[in-house]
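Heads up, the thing below is written out as structure tokens.
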Amino acid sequence: MKKIGLALLVVGLLVSLGLVSPTQKSFAAEPIKIGAILNYTGPAAMLGPLFKNGIVMALEEYNSQIAGRPLELIVEDAAGSPNVCLEKARKLVERDKVKIIIGPLMGDAQLALGPYLANKGVLATGLYCAMFELTKYQNWLIYPTTALGLTLPLGWYAADKGHKTMVMIIADYAGGHAFMKGVRTGFEEKGGKVVQEVLVPVGTADFGPYISNLKNADCVAFFVPNTGDSSRLVTQYKEFGVKMPLYGTTLAADLPEHVMKELGDKVVGLQGQALYIWSLDNPVNKKWVKAMEKRFGKTPGGLANNSYCITSSILAGLKATGGDETFSKLWPAVLKVKMDTPQGPLAYTKEGVALANGYIVEAKRINGRYSWDPIKVYPAVRDPRLK
Amino acid sequence: MENLVINLLNGLSYGMVLFLIASGMSIVMGAMNIINLSHGVLYMIGGYVGWTVAVKLGAPFALGLLAGGLAAGLVGLMLERGFLRFLYKQPNEQVLLSFGFVYILSNLSLWVWGGWPRMPFTAKFLSGSFEILGRAYPKARFATIVFGLVLAGILWWLQDRTRVGAMVRAGMDNKEITMGLGINLERLFAIVFFVASFIAGLAGVIGAQLLGVYNALGLEILLLALIVIIVGGVGSIQGALLGGILIGLVDAFGKALFPRFAMFTMYFTMIIVLLLKPRGLFGRKV
Amino acid sequence: MVASDREVVRGPEQVKWIQFAPYFAVATILVVLPLFLSSYTQGVMTRFLVFALFSAGYNLVFGYLGLPSLGHAAYFGAGGYAVAVLKLHYGTDLFWLGVPLGILTATLIAALFGLIALRVSGLYFLLVTFALGQLLFSVAWNVKWLNSPGMQGIAGLSFPSFGIPGLTVNSTSYYYLVLLITAFCILALHRIVCSPFGHALVGIREGEDRMRALGYNTWLYKYIAFIISGAFSGVAGVLFAYYNYMIDPNHLGVGTSFLPMCMAIIGGMGTLLGPVLGAAVIISVELVASIVTPDRWPLILGGIFVLTIMFARQGIGVYLVELSKRAGYPYGSTKG
Amino acid sequence: MEALKVDGLSINFGGVKAVNDVSFSVEVGERLAIIGPNGAGKTTLFNLINGQLSPTRGQIFFFGEDVSDLPTHQRAQLGQARSFQIISLLQNLTVLENTLLTLHGTKPHRFKMFRQIQDFRDVFEKAVYELKRVGLWEKRGDLVKNLSYGEQRRLEIHLGLSMEPKLLLLDEPSAGSTKEESADIIGIIKNLESDITVLIVDHDMEMVFELAERIMVLHYGEVIADGTPDEIQIDQRVREIYMGVEESTDHVGAC
């Protein structure tokens, strides 16, 4: 028995030595390596595979090669921590010599990576919008728009519905603040007033105490990250019987249909902002949804669409440079890309921020099937801070 | 006034979940001198199994409760019989081994149940809310308080009135004497560990009424359990109950009054207790 | 309990040079190998050295004194935060400023926390140190001054500068700097462990009452050892912050505190080089496992923990030494 | 001159008076035995003199100095050495290490951090001398837990002596020893220099009467007799107490 234990340990060490040693150069055409930092463990563990599906779809549309150079995807686990993301980014850049990194998801991780990736001249992207602060580095592709731009329409929408005052529940981290600043900006632009901001830590198990102590207002808007926090907040909000209408951000992504089914009728009638729904009525989308269903066996959501659109635009840029992934060539090429994505038309500003449609959706139950239905579109939303 | 009552109820219901998770861990620490860091993961497994039975298979909530408890109990028993029993009196090794199982069991349950969190669920007759002082309050939370108090009563009875409880108390005071009395310590420890894990599983299902179940819960709840044990003292049901309620209330009122410092208030309370009573409110020498 | 600390006392007998052969071999690898590696792998080795130092310093309290601290990240992180705050608020990454400030911060915090933690021992010591570390974690989380705008933690750090014109530090030179400092610190730890002071620590671990009756002020010994250990953790934290480009509240919390404990147990606690070996094992397994399987790496890491405890309970280091003894090699045996 | 003076010493454990208003003094070089049935408070008294416990009331003077509030280690520095009832040697360390730690304990350089312990030559040579004297030099590298019980007892007493104490507290030195080992220990104590003051607690009456110049009898924490061995032997109360409990003492032995 002891020998087995030792043998396993020794094998482990040898394997590690083998992998640490420099990778062998092949004589075939150098692959174009694309790094992806996705969540496979930690609080957002379920999102990694979804993002990956979108990326894989985009790569396969090019048959995984551009200008004779194979496309190679290297996936790393973000583990939900900015520090781990930075470590993984260093591995991708310094060991794998990657020039393109897709991800990470969370705003604070993006801010942590910012200085390093700018310094190394790597094309970086968020996964689901990104922080405006990153535009100063001039190497971040921000799709579909900045965090603030993404939620701007929700503020407008709430004001358009005649609400004068609002309470905000904000996840206390970089992304949360940016999202809710968007709602606030939109709401105040149209004459609304925010009367209370409730900051909640990421991963809050019990929102009860927060919900019990909300001030009175015409409506409540929230952003909390991930399915877990969002679904707990929605459930607990209903349980406590608060009468104020509730508006959510990033809804279709955080509460996809199978989660809605589990939440049941609690969720019906919930309105909020979303960036993509599978039922969008445009030909590109219809074709794409079919392809995704065929390839992965399930209906895609906003996350897969997001990573798909980002990857597609990068690949289009790569095609334009003839497969040259050098940052100084690739960056301008990607910024010039104009394409129709399932989500709508895509174009980048000179800061690298996409101007995509913003959708307001409502949770409905039709024939026993729960779904998000788009009820309003705000085309080509623009972060007011952009020139 | 209504706010005060609602906050109080919030604190109590959350506190009861904390009590349930901390009590088993605390007894195992006190009676067996075993630090089991995978206790939080047992809680999570209980919650997941409870969900599978009560929601996925549509069985009654009580059955889910039982299934959750049993599943966690059996996993716990396997841990004790297969591994921890070789490590009595080796606290450092226990720490590392049980943390290894935190990694393994969390990842395995990620495999089995996927990363999507499960929504809070409860028995049919407990869903919905009733009115207190003109404010709606969820029934399930009230039920959690009742569950917690009932289990506290049962544990108290087990510890103070039964033979096993007497042996455990004797074992805490003096291991040699217990062995001298001809008690089969091996069997006693296995029973204690099973019961503690069983309670963790129950807690998982009861807590799921408020919190649902998700993969990161194993570690989150472990940290909370440690805080409760520090406040309440190792090896005492009373300590775990008082610690759980105190931390639950501090959490509820902290979130209500100083939402910006939600995390800080809990740790701050812990340190204040430590400064006044280094072994916790009901701590004994270990 | 464990070989080398007790066998160090071997009197005036002759030392055989062959006994040091493995150490020379390892030293040679550490000096020469990085020259042939990518900057990333140099970074990984830097990381290994930092954690080897952290763990070895931690082991003074954990292995030698027998007090299981679950809060040493507080001192590690404090060192790192000192460097990070210097950069964030004063715009300097001067080595000569960061190192003393980091060590000072860590030492002062250890001196304060030691007063609280050393009122208890055993299991309670573990819980109290955990609590203190988490308190610092929540402070770093909530205090705006300790965070870069918009995020938790401080990003945008870089390798240190030395204020010498024309001298810039890259990953290679930083590796050698860390190697030098780590080697120096481990030698210092070696002196401490072999001194009357170090032996007294082991004595206190084995029987505090007796040591008191022999005239040792055991509390003072524990307190001093705690502070020294905190200071070494601080050094490691400073080196880490320069290497890691960022520092965040988690570097003060229980997750980071847990690392040196794992490393010490896996390598062999109560020995000087056990934690170093443990650091090598954990850093490489973590790295390889997450490359091989990004979604299943916790299974491998957890499996290593379980295997070590079940098959090489005294730590891999001690286990290897005993195996080599059985095989008849003189290596590792320091018995006179 | 008085080596030790105890004045009105009392300690309560949860209401039980373990030691109650005990006063006595010991001259320099005197050998005093303290006897009494189990639970009489002998070991507690030692713990008080030694500083492991602090008294509820009363004072302790050591060579005229009030040491009532000093911690154990400072009393050791002043010249108290103690052997424990249950052997307290550091079981997982070697014989040599135990010896070195003992010898370094009362030295001013014990906080030195950057010199190896074996480089303090004077201490090292003293350790070699002591180990050879006690006959354990050959076993210097063995863990203490691997020594026989008698060897451990011998080492412990010897190490106590090597601290060059002014006052030696021997708590049941004969416990668990064979006849020969006991005789050995008696020999060691008899050969002590005459200016060392010795307090002995033991159940072995043979040893007590052989060694003690004076005997004090404790019962339920109180002194009930104090005199020469001859006086104690004929004391009526002592006889009553001892006749009543003699049987159980034999059984329980070391307790």
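Remember, predicted model here, so these are calculated numbers, not experimental data. First the proteins, then the strands, lettered A, B, ... as listed; each starts at 1.
- Around NZ of A:Lys181, the count of heavy atoms belonging to other residues, nucleotides or ligands within 6.0 Å does not exceed 12.
- Using a 4.5 Å cut-off on side-chain heavy atoms (C-beta onward), B:Ser127 and A:Glu239 make no contact.
- Using a 4.5 Å cut-off between heavy atoms, B:Leu211 contacts chain A through both its backbone and its side chain.
- Around the CZ atom of B:Phe268, the shell of radius 6.0 Å holds no more than 12 heavy atoms that belong to other residues, nucleotides or ligands.
- In the model, A:Ser212 has a side-chain atom that pairs as donor or acceptor with a side-chain atom of B:Asn10 under 3.5 Å.
- The residue among A:His258, A:Gln236, A:Lys238 with the most heavy atom pairs within less than 4.5 Å of chain B is A:His258.
- Both the backbone and the side chain of B:Arg118 have a heavy atom closer than 4.5 Å to some heavy atom of chain A.
- The environment of CZ in B:Phe125 is sparse: at most 12 heavy-atom neighbours from other residues, nucleotides or ligands sit within 6.0 Å.
- With a 4.5 angstrom heavy-atom cutoff, B:Glu131 does not touch chain A via any of its atoms.
- When heavy atoms are compared at a cutoff of 4.5 Å, B:Asn215 does not approach chain A at all.
- The closest side-chain heavy-atom distance from B:Tyr14 to A:Pro209 is not below 4.5 Å.
- The number of heavy-atom neighbours closer than 6.0 Å to CZ of B:Phe253, taken from other residues, nucleotides and ligands shown, is above 12.
- A distance of 12.5 Å separates OG1 of A:Thr235 from CZ of B:Phe121, quoted to the nearest 0.5 Å.
- Under the 3.5 Å distance criterion, with hydrogens and angles disregarded, a donor-acceptor pair is assigned to the side chains of B:Asn7 and A:Asn213.
- The candidate with the highest count of non-hydrogen atom pairs below 4.5 Å against chain A, out of B:Glu220, B:Arg141, B:Lys139, is B:Arg141.
- Under the 4.5 Å side-chain criterion, counting only non-hydrogen atoms from C-beta, A:Met46 is in contact with B:Pro117.
- Residue A:Pro49: no heavy atom, backbone or side chain, is found under 4.5 Å from chain B.
- When side chains are defined from C-beta on, A:Phe240 counts as touching B:Pro138, because their heavy atoms get closer than 4.5 Å.
- Smallest separation of non-hydrogen atoms from B:Met119 and A:Val259: CE-CG1, 3.5 Å.
- Annotation for B:Phe258: atom CZ does not count as buried by contact number, only 12 or fewer foreign heavy atoms lying within 6.0 Å.
- A side-chain donor-acceptor contact under 3.5 Å links B:Lys255 to the backbone of A:Asp206.
- Looking at A:Ile170, neither its backbone nor its side chain comes within 4.5 Å of chain B, counting heavy atoms on both sides.
- Interface residue A:Ser231: backbone and side-chain heavy atoms are both found under 4.5 Å from chain B.
- Comparing A:Ala205, A:Gly228, A:Ala45 by how many heavy-atom pairs each has under 4.5 Å with chain B, the most go to A:Ala205.
- The choice from B:Gly254, B:Gly115, B:Ala256 that makes the most heavy-atom pairs within less than 4.5 Å of chain A is B:Gly115.
- Shown here is A:Lys52, whose NZ atom has no more than 12 heavy atoms of other residues, nucleotides or ligands within 6.0 Å.
- Residue contact with chain A, scored on non-hydrogen atoms closer than 4.5 Å, involves the side chain of B:Trp51 exclusively.
- Enclosure of atom NZ in A:Lys261 is not indicated, since only 12 or fewer non-hydrogen atoms of other residues, nucleotides or ligands lie within 6.0 angstrom.
- In plain terms, the two heavy atoms of B:Leu110 and A:Tyr40 that are nearest each other are CD2-O, 3.5 Å.
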* Asked: Does the pair B:Trp116 and A:Asn226 meet the rule for a side-chain contact (heavy atoms from CB on, under 4.5 Å), with working shown?
  -> CA-CA 9 Å; B:Trp116 293 101; A:Asn226 306 335; over 6 Å; no

